[in-house]
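Letters A, B, ... mirror the listed sequences (proteins, then strands); counts begin at 1.
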Amino acid sequence: MNAKKLLRSSHFYLIPPIIPNPSRRAHRFISFLGPSILATKTSVINSYCERYMLNEARQLFDEIPERDVVAWTAMITGYTSCGRHHQAWMLFRNMTREESVEPNSFTISSVLKACKGLESCPSGAMVHGLAIKYGLDGSLYVENTLMDMYATCSASMDEACMVFHQMHMTNEVSWTTMITAYTHRGDGFSGLRVFRHMLQEEVELNPYSCSIAIRACAATGYYSFGKQIRALVIKYGLESNLPIGNSIVDMYCRCHSLSEANQYFLEMFQRDLTTWNTLIAGFERSGSIGSLYIFSQMVSQGLSPNCFTFTSLAAACASMTVLSSGQQVHGGIIRRGFERNLALANALLDMYAKCGNIADSYKIFSEMPLRDVVSWTSMMIGYGTHGYGKEAIGLFDQMVDSGIRPDEVVFVGVLSACSHAGLVGEGLKYFNSMVTGYGITPNQEIYGCVVDLLGRAGKVREAYELIENMPFKPDESVWGALLGACKAYGDSNLGRVAAQNLLDLRPSCTETYVILSNIYAADGKWGEFAKTRKLIRRMGDRKEAGRSWIEVRNEVYTFVVGEKVGPHIELVYRALKILVQQMKEAGYVPDSDYLLYDF
DNA sequence: TTCAGCAATG
């Protein structure tokens with residue numbers, strides 16, 4: 001039945017909410033109706049909002065002479081459910097401040113969702129205050145949305161926990177909200193603690209809490225608990241629930257069990273696009289080329305890729321440095337009009353940078369309508385690895401100017417860019433600004449970068465002093481950076497200290513012994529060199545051979561030192577000979593210090 | 001109230 005027929009129907013006043021397709025004529029008709037049918041108009045507002053026709057809904061709302069709290073709430077809820085949080089908030093303020101309409105529990109929970117969307121804790125706290133004032137804070141519905149708002153907007157979980165502990169009655173939604181909040185904040189262990197508590201309290205198990213608990217297992221790597229939850233899922237007959245199944249696939253992938261993930265995937269009763277995307281992303285994270293095969297299977301089954309699929313594909317092309325495949329992925333994205341998706345654009349610009357095409361990487365970056373911290377970091381690291389240290393630093397400053405707060409990863413990016421470009425002073429300036437300007441405590445990785453920065457510039461002693469003054473025990477990354485610097489500058493005394501510390505942390509690492517023996521050899525300490533070599537021989541372990549690869553005409557060729565098999569290998573060696581000859585003619589003197597002693 | 005994607009030095 002269309003709107004016209006519906007409006008002509010004598011039953012119209014009895015069945016107002018079902019309007020399949022409200023038209024402008026219908027709107028004009030409704031506007032003629034008097035204030036006596038306020039409830040009808042409110043229902044029509046709801047119908048408009050359900051169909052994302054917010055302008056029509058608002059026009060009708062504005063035309064109502066005496067609006068009650070239900071009409072206000074319908075409009076606020078409409079805005080919130082369509083993601084127009086700011087408009088929902090403004091309308092709520094209008095309602096309470098100017099029109100002095102008293103909110104009910106529906107209004108409060110709806111506007112709390114808007115506060116959550118705006119990530120505005122002060123607004124949420126104000127609504128909390130109003131809820132107390134009007135005695136609505138005892139409603140389970142209000143309490144659950146309050147908890148969700150605080151958990152999303154506040155820096156800590158304190159407020160959400162306080163609401164939760166003060167509740168006289170909780171339901172499965174309250175518990176699930178708490179588990180979700182912890183898990184989404186990256187504290188999966190606390191999420192699982194709440195889930196365990198929920199089981200002890202014998203709260204009814206539902207698909208929501210199960211899937212988020214499995215997600216928490218995936219995030220923490222708590223594989224055994226994940227398997228226990230899977231058993232519970234079977235016991236309660238929830239196996240056919242798709243989000244649960246998808247979470248299980250994700251958990252197997254993140255717990256490094258791709259074969260189990262694949263097996264479970266094949267056994268699933270039903271799969272959706274998320275299932276496929278989960279498996280593709282899982283294989284991609286593990287660096288498996290399988291991600292591309294799974295994608296082709298997905299397409300052959302008639303499924304259409306979305307932004308999530310393409311993001312994983314772009315990341316796969318980046319880690320495998322296959323530019324032509326990456327370009328095909330880019331083409332697919334343009335054809336489907338997904339270019340404006342932020343995470344996808346970030347993945348693409350990273351792909352181009354990793355595949356050596358920094359110009360296209362910057363093109364994507366410059367054309368992005370919106371950038372987040374990941375966009376800036378990816379571009380910065382791209383510039384840094386291509387030798388554009390100054391440009392990388394420039395991006396850092398621009399990023400800060402644009403109002404984005406740097407995180408640890410940004411500092412790793414800017415420090416490594418400084419390190420490669422020999423910008424020691426600049427790098428130290430950024431390092432010092434971390435605590436003073438941004439309140440970020442440097443972690444092991446950051447210290448490793450600064451040690452590398454100093455070490456590459458020949459300031460090996462300063463690097464060691466920095467390590468000695470670190471506020472925590474240095475880990476492998478820090479000592480590894482120092483050992484690298486000692487190798488580059490032939491400092492055998494500090495090299496021994498670095499190697500010893502590294503070996504204390506990982507005693508069976510042959511590579512450390514190899515580097516140390518080379519440092520001794522370069523420093524002419526042949527006695528120490530012989531001793532270290534003997535140790536390596538006794539360990540009987542060989543260093544893993546480095547492998548290079550190149551993509552030529554859609555084929556990837558790999559090479560290992562000394563390899564004599566494979567297609568066109570004679571041609572490769574002939575070309576290499578010519579190149580070496582040309583390098584010598586150009587005046588290149590090879591650094592053969594380590595050539596004799598390497599394995 | 002649940003499930004899928006993007007950045008890290010040595």
Side-chain angles (χ1 to χ4, degrees), chain A residues 141 144-145 147-148 151 171-181 183-184 206-216 218 238 241-251 253 272-282 284-285 305-316 318 338 341-351 353-354 372-382 384-385 407-420 427 443-453 455-456 476-485 487-488 498 502 515:
Chain A
Y141 210 72
N144 284 341
T145 34
M147 233 167 39
D148 196 18
N171 63 2
E172 66 273 21
V173 178
S174 331
W175 289 87
T176 309
T177 304
M178 286 299 281
I179 302 166
T180 308
T183 308
H184 284 175
N206 70 4
Y208 294 88
S209 53
C210 282
S211 55
I212 188 65
I214 295 166
R215 177 76 184 82
L238 298 171
N241 179 276
L242 260 172
I244 291 182
N246 294 343
S247 298
I248 292 173
V249 173
D250 186 52
M251 183 194 71
C253 288
D272 65 1
L273 189 55
T274 304
T275 325
W276 285 92
N277 286 345
T278 307
L279 200 66
I280 291 170
E284 185 280 309
R285 274 192 305 269
N306 67 3
C307 290
F308 286 84
T309 329
F310 278 119
T311 308
S312 295
L313 292 180
F338 292 158
N341 183 277
L342 183 59
L344 184 47
N346 289 343
L348 265 185
L349 89 82
D350 184 57
M351 181 277 293
K354 293 225 166 79
D372 65 1
V373 70
V374 177
S375 332
W376 290 94
T377 313
S378 306
M379 197 63 243
M380 229 176 275
I381 289 166
T385 49
D407 62 6
E408 284 96 339
V409 188
V410 179
F411 278 103
V412 169
V414 76
L415 286 171
S416 68
C418 289
S419 179
H420 288 291
N443 56 19
Q444 296 278 6
E445 280 72 28
I446 301 287
Y447 273 99
C449 285
V450 182
V451 167
D452 185 59
L453 174 83
R456 270 177 204 264
E476 282 174 60
S477 66
V478 178
W479 289 118
L482 186 70
L483 187 66
K487 180 186 168 187
L502 264 177
I515 297 170

**OP:** Could you tell me whether F338(A) atom CZ has more than 12 heavy atoms of other residues or ligands within 6.0 Å of it?
**Re:**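 Result for CZ/F338(A): enclosed.
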
Strictly distance-based, threshold 3.5 Å: is any side-chain N or O of [X] a donor or acceptor partner for the main-chain N or O of [Y]?
X: N277(A); Y: I280(A); answer: no
X: D350(A); Y: A353(A); answer: no
X: S419(A); Y: L415(A); answer: no
X: D250(A); Y: C253(A); answer: no

Need one value for [X]: base, sugar-phosphate or nothing, where a base atom within 4.0 Å counts as base even if backbone is also close, heavy atoms only.
X: E408(A); answer: nothing
X: T278(A); answer: sugar-phosphate
X: D272(A); answer: nothing
X: T377(A); answer: base
X: I244(A); answer: nothing
X: A481(A); answer: nothing
X: N171(A); answer: nothing
X: N144(A); answer: nothing
X: S477(A); answer: base
X: L415(A); answer: nothing

Original post:
Tell me, do V374(A) and L342(A) make a side-chain contact under 4.5 Å, heavy atoms counted?
Top reply: no

Subject >> Where chain A begins and ends its contact with DNA chain B, read 5' to 3' at 4.0 Å from heavy atoms >> reply: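 Reading along DNA chain B, I get dT1(B) to dG10(B).
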
